[in-house]
Amino acid sequence: MKTIANDDSTLHDLQEKVKQLSESEARAVHAAYHDFLTGAPNRAAFQRELSQRLNGDAPYSLALIDLDRFKYVNDTYGHAVGDTLICDVTDRLRGLLPADAFLARLSGDEFGLILATETAETAEAVCQQVMQACASGFDVNGNTLQIGASIGLFLGQDGGLRGVTDLMRCADIALFAAKRAGRNRVCRFDKSLDDNLRRRRAIEAGLSKAVPHGELELHYQPIIDANTLAVAGFEALLRWKSAELGQVSPAVFIPIAEESGLIRSIGDWVIRQALNDCRDWPDQYVAINLSARQFNGADMAQILRGHADDAGVPYQRVHIEVTETAFFEDARGAAETLGALRTLGFGIALDDFGTGYSSLFSVKNFPLDVIKIDKCFIDGLGIEPQAAPIISAVIHLARGLGLGVVAEGVETDDQRQALHLLGCSHLQGYLFSKPQDRARTLAWLKARR
Ligand code: C2E
Ligand code: CA
Ligand code: CA
């Protein structure tokens with residue numbers, strides 16, 4: 001038989017256990033819905049909150065915030081500084097957001113924000129504030145850190161959504177668009193973004209099969225000596241006829257191939273094919289376009305050399321066309337690769353001259369043989385008064401450095417004459433020939449002789 005005292009202590013123990021249990025449960029619940037580092041709600045909490053808003057009647061909008069350059073900070077200053085920065089960003093945002101806003105940390109450097117409005121102006125104004133707050137420097141451990149934010153915004157009023165996943169996807173598409181547009185900006189979702197993305201995905205999926213399915217082809221466009229009008233070389237330009245999408249322009253698919261990394265295998269195919277084809281015209285060089293992505297990271301000198309040896313083509317008969325973007329990520333690496341290629345005897349052309357950020361920097365710092373003046377300057381000849389002086393200055397610069405100059409996109413005889421007078425060494429454009437397949441190129445060359 002139990003005593004009263006015994007009963008009391010059992011009851012007390014029980015109560016204590018229940019209390020402990022509910023405390024640890026509360027802690028577990030808190031941990032499940034909060035971010036360990038900042039104490040802010042986490043992704044699970046964000047999705048729960050979003051689902052409530054989606055099913056409720058109150059207005060809402062959703063913003064996804066991605067910090068720009070955070071990875072750089074982490075890599076340069078270490079994770080401790082990165083962690084502190086994330087906490088500081090969280091505090092700063094909490095300080096400026098309206099009381100009814102819901103801020104969560106979704107992953108490393110991504111935040112989610114739910115606002116109690118679906119008016120475009122109000123939501124965009126808050127996003128602008130967030131962006132400015134992120135863009136004004138942070139002091140962490142004596143370092144001034146400069147980051148920024150890209151924001152994708154979805155307004156509840158744009159509706160028509162099935163669930164939280166759909167909602168997040170739309171905001172994510174807008175975020176992707178903000179990043180692609182150059183970061184540090186707010187982009188609002190609209191349906192055309194979604195259509196664009198679908199098309200991109202289709203192109204990417206098609207491209208991944210383009211090499212094995214034999215859908216790629218190289219066309220060649222002659223590069224003409226401006227003095228003798230002899231054919232100096234041919235530029236290889238890639239063509240893709242997709243089984244599903246039809247003919248797709250390289251201006252569309254090359255950037256997608258670059259972003260997806262597919263450019264490596266495609267570029268490899270281009271190099272091998274161009275080196276193979278150019279054996280048909282032993283008196284001319286072949287110019288091969290290389291994109292930045294191909295250039296960085298891989299040992300391009302080794303790859304080109306290997307393929308040229310396999311094809312039995314002397315290095316002197318191969319020109320590489322690169323744009324300045326190849327130099328941005330790893331300027332020293334790029335300079336070394338170009339140097340190695342040039343020592344071997346490959347020609348180096350700087351493509352699209354004048355359209356980048358720092359053409360003069362590139363000319364000064366990288367070993368080059370040729371500058372290709374972008375078509376947009378040639379288009380201006382005889383139309384815009386600045387065109388001729390700019391072209392003339394570029395030609396003088398090139399001559400002073402001992403470089404050749406190719407004018408791109410020459411379409412009329414007036415342009416040809418003007419460029420010849422200005423001292424341009426080589427010409428390329430529809431005036432002479434459009435890019436054509438290998439068989440037509442050979443026929444064209446034969447007829448010209
Ligand atoms: P790009 O290297 O600047 O090539 C010149 C572009 O101008 C080509 O467009 C060519 O067809 C076009 N073009 C040449 N002359 C004229 C003209 O007189 N008038 C007009 N309106 N256009 C002219 P395309 O073939 O569409 O290529 C576009 C871009 O795609 C190229 O610009 C290049 O950046 C890229 N690309 C093409 N093939 C390859 C490749 O194999 N690898 C890489 N990485 N990029 C490539
Ligand atoms: Ca080119
Ligand atoms: Ca070009």
Side-chain angles (χ1 to χ4, degrees), residues 203 207 210-211 215-224 232-241 247-278 285-296 298 300 303-304 307 318-326 347-356 359 362 368-381 394 404-416 419 424 426-438 440-441 444:
I203 290 176
L207 265 183
V211 173
E215 294 175 346
L216 298 178
E217 190 182 16
L218 285 182
H219 281 198
Y220 294 93
Q221 188 179 35
I223 297 167
I224 308 288
F234 289 98
E235 176 176 3
L237 292 157
L238 187 55
R239 298 292 176 258
W240 175 35
K241 186 152 188 223
Q247 196 81 38
V248 186
S249 159
V252 172
F253 73 77
I254 293 282
I256 296 175
E258 286 171 351
E259 278 168 35
S260 62
L262 287 165
I263 193 69
R264 285 190 188 254
S265 54
I266 292 175
D268 212 57
W269 181 89
V270 168
I271 295 170
R272 277 187 286 121
Q273 190 66 38
L275 288 169
N276 204 39
D277 290 352
C278 79
Y285 64 80
V286 65
I288 303 175
N289 291 284
L290 289 188
S291 74
R293 226 9 220 285
Q294 269 172 289
F295 218 75
N296 296 327
M300 216 53 233
I303 292 173
L304 277 160
H307 288 323
V318 185
H319 280 205
I320 299 307
E321 297 198 2
V322 286
T323 59
E324 296 177 315
T325 47
I348 315 285
L350 182 61
D351 209 349
D352 303 342
F353 186 85
T355 60
S359 300
S362 306
L368 301 172
D369 298 284
V370 174
I371 288 174
K372 296 191 81 172
I373 305 182
D374 193 75
K375 178 175 182 300
C376 66
F377 295 103
I378 314 303
D379 287 343
L381 271 177
V394 173
V405 180
V406 180
E408 296 188 308
V410 183
E411 292 183 345
T412 67
D413 201 59
D414 287 349
Q415 289 173 340
R416 180 191 67 76
L419 288 161
C424 192
H426 291 83
L427 309 167
Q428 183 180 4
Y430 292 177
L431 175 65
F432 305 99
S433 170
K434 287 194 172 183
Q436 308 185 86
D437 65 25
R438 173 166 153 229
R440 288 202 178 84
T441 298
W444 179 90

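In each ligand, atom 1 is the first atom listed, and ligand 1 is the first ligand listed.
The protein residues lying under 4.0 angstrom from ligand 1, judged by non-hydrogen atoms, are Gln221, Glu235, Leu237, Leu238, Arg239, Pro250, Ile254, Val270, Asn289, Leu290, Ser291, Asp351, Asp352, Lys375, Glu408, Gly409, Val410, Glu411, Gly429, Tyr430, Pro435.
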- [ ] Take Lys375 and Asp379 through the side-chain contact (heavy atoms from CB on, under 4.5 Å) test and state the conclusion after the steps.
- [x] CA-CA 6 Å; Lys375 178 175 182 300; Asp379 287 343; 3.0 Å; yes

TODO: Verify side-chain contact (heavy atoms from CB on, under 4.5 Å) between Gln428 and Gln221, making sure each step is shown before the conclusion.
DONE: CA-CA 8 Å; Gln428 183 180 4; Gln221 188 179 35; 3.0 Å; yes

- [ ] Evaluate the side-chain contact (heavy atoms from CB on, under 4.5 Å) criterion for residues Gln294 and Ile271: first the C-alpha distance (whole Å), next the side-chain angles of each, then the deciding distance (0.1 Å), finally the verdict.
- [x] CA-CA 11 Å; Gln294 269 172 289; Ile271 295 170; 4.3 Å; yes

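Looking at Gln273, its side chain never comes within 3.5 Å of a backbone N or O of Trp269 through a donor-acceptor pair. Side-chain atoms of Thr441 come within 3.5 Å of backbone N or O of Gln436 as a donor-acceptor pair.
Val406 has its side chain out of reach of Ile371: every pair of non-hydrogen atoms, C-beta onward, lies at least 4.5 Å apart. Considering only heavy atoms from C-beta on, Asp268 comes within 4.5 Å of His307 through its side chain.
Every residue meeting the side chain to side chain donor-acceptor pair (under 3.5 Å) condition with Asn289, not counting sequence neighbours, appears here in chain and number order: Glu235. Scanning for ring pair (Phe, Tyr, Trp, His ring centres under 6.0 Å) contacts around Phe353 gives an empty result, with sequence neighbours left out.
The nearest N/O/S atom of Glu235 to the Ca ion (ligand 2) is OE2.
Using bins of under 30°, 30° to 60° and over 60° for the plane-to-plane angle, the ring pair Phe234/Tyr220 lands in the perpendicular bin.
Protein N/O/S atoms closer than 3.0 Å to the Ca ion (ligand 3): Asp351 OD1, Asp352 OD1, Glu408 OE1, Glu408 OE2.
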